[in-house]
**Student:** 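The structure that follows is given in the form of structure tokens.
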Amino acid sequence: MPKKKSRKNYTYPEKENDDESMIIEEPAAVVSGSSFLNLNESKRYTYADYLTWWDDKRRELINGIVKLMSPAASTRHARLSYRLEYRLSSFIEKRKGKCQLFHAPFDVRLPDKRDETDNNKIYTVVQPDICLVCDLSKLDEKGCIGAPDLVIEIQSPSTARYDVTEKFDAYEAAGVPEYWIVYPTDRAITVFLLQPGGKYNRAVTYQYVGKIPVQALKGLIIDLEELFEGL
């Protein structure tokens with residue numbers, strides 16, 4: 001079983017292979033067409049700015065700071081995403097539920113104030129690997145505004161630290177009730193549940209043959225042995 005490493009109020013698996021555990025810092029640059037634009041370090045970029053960046057780059061904003069994203073997921077990452085989506089969507093369809101499921105690229109705007117809708121005052125925009133939205137009033141043509149009911153991020157070497165630091169803080173501050181981080185190599189999933197005080201609990205990490213109840217979809221259990229089979 002992989003070692004555990006503590007951060008803040010939770011633990012998460014460490015990578016067993018040093019090469020795979022390398023953290024690749026996301027470059028702080030905005031790309032427009034084929035030329036790089038220098039960022040103004042004193043400026044917090046907004047969702048309004050974000051909408052003007054027309055190119056083939058994927059990026060997120062965390063408190064106004066630009067984060068460029070990896071251009072493509074690994075095969076294992078893609079397979080895990082599909083399997084998780086299939087299990088979640090099949091359950092919703094079977095129960096004729098109202099919740100809707102989305103996968104990246106899909107913009108989720110997380111305003112500092114829960115009722116803020118002005119694009120010039122929204123500083124955090126993320127593209128979770130998977131998100132579940134049950135309050136359909138949060139959906140519009142641009143994506144989701146406000147906290148999804150469930151967010152799932154599938155870890156890769158370039159996002160390992162990002163998922164458990166900046167994104168963790170952003171999801172907690174926005175009030176995302178349930179946040180999962182999937183560790184493909186370790187065959188593990190760490191689950192954070194928001195507590196009444198607005199902070200995530202001490203996380204529970206499920207590994208190998210664990211079974212995870214999905215709080216946002218009562219009655220759904222994810223079997224890790226089946227989920228990771230053959231990966």
**Student:** Less than 2.5 Å separating the SG atoms of Cys99 and Cys134?
**Tutor:** yes

**Student:** Do Trp53 and Tyr45 pass the ring-ring contact (aromatic ring centres under 6.0 Å, His included) test, and can you show the C-alpha distance, the side-chain angles, and the key distance before you say yes or no?
**Tutor:** CA-CA 11 Å; Trp53 300 329; Tyr45 289 89; 5.6 Å; yes

**Student:** Thinking salt bridges, do Arg87 and Asp223 make one under a 4.0 Å N-O criterion?
**Tutor:** no

**Student:** Inspect the contact between Asp140 and Arg109 and indicate whether a charged nitrogen and a carboxylate oxygen are less than 4.0 angstrom apart.
**Tutor:** yes

**Student:** Could you tell me whether Glu166 and Arg161 have a side-chain N and a carboxylate O separated by less than 4.0 Å?
**Tutor:** no

**Student:** Which heavy atom in Pro128 sits nearest to a heavy atom in Phe106, and how many Å separate them?
**Tutor:** CD-O, 3.9 Å

**Student:** Is the CD atom of Gln215 crowded by more than 12 outside heavy atoms at less than 6.0 Å?
**Tutor:** yes

**Student:** Taking a hydrophobic cluster as the set of Ile, Leu, Val, Met, Phe, Trp and Tyr residues connected by side-chain heavy atoms closer than 4.5 Å, whether directly or through intermediates, do Tyr162 and Ile130 fall within one such cluster?
**Tutor:** no

**Student:** Going by the angle between their ring planes, with limits at 30° and 60°, are Phe168 and Tyr179 parallel, tilted or perpendicular?
**Tutor:** tilted

**Student:** Do Leu217 and Phe102 belong to the same hydrophobic cluster, where Ile, Leu, Val, Met, Phe, Trp and Tyr are linked whenever their side-chain heavy atoms lie under 4.5 Å apart, directly or via other members?
**Tutor:** no

**Student:** When you compare the side chains of Tyr47 and Asn120, does any donor N or O come within less than 3.5 Å of an acceptor on the partner?
**Tutor:** no

**Student:** Establish, from distance only, whether the side-chain atoms of Gln127 and Arg58 form a donor-acceptor pair under 3.5 Å.
**Tutor:** yes

**Student:** Just by modelled atom types, is the Leu224 backbone N or O under 3.5 Å from a matching donor or acceptor in the Lys211 side chain?
**Tutor:** no

**Student:** Using a strict threshold of under 4.0 Å (side-chain N to carboxylate O), is an ion pair present between Asp112 and Arg44?
**Tutor:** yes

